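The block underneath contains the structure these notes are about, expressed in C-alpha cells.
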Protein chains: 2
Amino acid sequence: MKKITIGDAARKSGVKVPTIRYYESIGLLVPPDRSEGNQRCYEPSDLRRLSFIRHARELGFDIDAIRTLLTLQDDPHQSCASADGIAKARLIEVEQRIRSLTALKGELELMVEGCGHGRVEQCRVIEVLADHSQCAHVHH
Amino acid sequence: MKKITIGDAARKSGVKVPTIRYYESIGLLVPPDRSEGNQRCYEPSDLRRLSFIRHARELGFDIDAIRTLLTLQDDPHQSCASADGIAKARLIEVEQRIRSLTALKGELELMVEGCGHGRVEQCRVIEVLADHSQCAHVHH
DNA sequence: CTAGCACCTCTAGTCACTAGAGTGATGTAG
DNA sequence: CTACATCACTCTAGTGACTAGAGGTGCTAG
C-alpha cells in the first residue's frame, strides 16, 4: 500500500502543506489515517476533494460556500438550487467588483496623467487626494 | 472654542469612530489634544488629513503607501516621484485585477448557464469544480 | 438628578491563510 | 550502524485593515 504523504498531496493538488492542515482544522477535509510515525496518509479521493476546494477558491468562493458545495457533492440526490445560488451570487459580486475597479482605474489614470512634474506642491496625486470635492463617493 | 469630538470627525470625514482610533494607533493621525473628560478634540486640519486618508483608502492604496503620501503632503518641496510611483503601481494592480476578474466572470458564466436542472448529479457548478481539467490554472 | 447616548481603553475576533519555533520521522549514503 | 538532509508533526502567533464587544466614564437634555 503506497501511502500519500501531505507533501505528495500538496504537489498533486496545488494546495500548500500548511493550507491543507488548515483546511483539515476547519473541517473541509476529513482527518486522514496516520502512519506509525503519525504522518498523514491520504487517499486518492482526498486529493480529488482538495482539488475541488482549490478550484472553488480560485473562483473566489468563500470557505462557507465551499463547505456547502462539498456537502452537495457528497449527496448527488440533493437539489442543486443552492449550488446555483452560490455561483450566481459570486457572479454578481465579480461583475460588481469589475465595475468598481473600472471606475477606480479611471480615477487613477486621471491622477497619474498629471503627475511627474517634480515637486509635491504641483503633484496631481497629492492634489487629488487632498481635494475632497474629488472624493469618489461624491461622484456616486 | 468649539471642540470637534471623534463622533463629529467621523460624520464629517466618513471614517468610522473605531477606524479613526485605529489610524491614530498606527501613526497615520497625530493624537489630538484631550478635553478635561479625556475626550479627543480634533482640529479642522485633522479632519482634512482624515479625508485624505479615506480618499486614498477608497482608491485602494495600502496603509504604508498612504503613510508615504502623507509624508509627501507634509513637505511640498519634496520630489513627487514616489507619489507618482505609488499611483502608477496601484494603477497596474487595478488593471491586472480587472483582467483576472474578467476571466473569472467568463468561467462563472459558463458554470451558471448550465445550472438549474434540479439535481446535484447533473449540476454544472459541482461538475465543473470536480473536473480538474477545467481548473483555471490549466487554462493559463 | 437621571437616562440615554457618546466617549474611553483594552482585548480579541474577522478571513484565509502564512510563518516560525521546537521537535520527531524517514530515507539514503557512507 | 550512523550521520545528515529532508520531510513531517503540533503549537502559537502573525498578516492587513479593520471590527466587535466588555466594562467603565463623560456629557447633555429633560
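Each chain gets a letter, A, B and so on, in the order the sequences are listed, and its residues count up from 1. Being a predicted model, the structure only gives us computed values, none of them experimental.
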| Could you state the interatomic distance from CD (Q73(A)) to CD1 (I66(A)), rounded to the nearest 0.5 Å? | 12.0 Å

Protein N or O to nucleotides 1-8 of chain C N or O, pairs below 3.5 Å:
residue	atom	partner	partner atom	Å
dC7(C)	OP1	T5(B)	OG1	3.2
dC7(C)	OP1	G7(B)	N	2.6
dC8(C)	OP1	R40(B)	N	3.0
dC8(C)	OP1	R40(B)	NH1	2.9
dC8(C)	OP2	R21(B)	NE	3.3
dC8(C)	OP2	R21(B)	NH2	3.0
dC8(C)	OP2	R40(B)	NH1	3.4
dC8(C)	O5'	R40(B)	NH1	3.4
dC8(C)	O3'	R34(B)	NH1	3.3

Between the protein and nucleotides 12-14 of chain D, which nitrogen or oxygen pairs come in under 3.5 angstrom?
none

| task | Would you kindly give the CD-to-C1' distance between E24(B) and dC18(D), to the nearest whole Å? | result | 16 Å

| query | Is there a side-chain contact between R49(A) and R54(A) (heavy atoms, below 4.5 Å)? | reply | no

Anything under 3.5 Å between a protein N or O and an N or O of nucleotides 14-18 of chain C, put it in a table, one pair a line.
residue	atom	partner	partner atom	Å
dA16(C)	OP1	I63(A)	N	3.2
dC17(C)	OP2	Y23(A)	OH	2.9
dC17(C)	OP2	R57(A)	NE	2.5
dT18(C)	OP2	T19(A)	OG1	3.3

| field | Hydrophobic cluster membership, I26(B) vs L50(B), 4.5 Å side-chain cutoff | value | yes

| What is the minimum heavy-atom distance between M111(A) and V125(A), and which atoms define it? | CG-CA, 3.5 Å

| Can you tell me how far CG of D46(A) sits from CG of L29(A), rounded to the nearest 0.5 angstrom? | 7.0 Å

| Flag for D74(B)-T71(B): side-chain donor and acceptor within less than 3.5 Å | no

| field | Atom-to-atom span, CD1 of I20(B) to C1' of dT9(C) - whole angstrom | value | 16 Å

| What do the steps show when you test R90(B) against V94(B) for side-chain contact (heavy atoms from CB on, under 4.5 Å), and what is the final call? | CA-CA 6 Å; R90(B) 177 65 189 144; V94(B) 168; 3.5 Å; yes

| note | Heavy-atom closest pair (R34(A) atom, C41(A) atom, distance to 0.1 Å) is C-SG, 3.9 Å

| task | Give a yes or no on whether a salt bridge exists between R97(A) and E93(A), defined as a side-chain N under 4.0 angstrom from a carboxylate O. | result | no

| task | Apply salt bridge (Lys or Arg N to Asp or Glu O under 4.0 Å) to K88(B) and D84(B), showing your working. | result | CA-CA 6 Å; K88(B) 278 177 180 163; D84(B) 185 36; 3.3 Å; yes

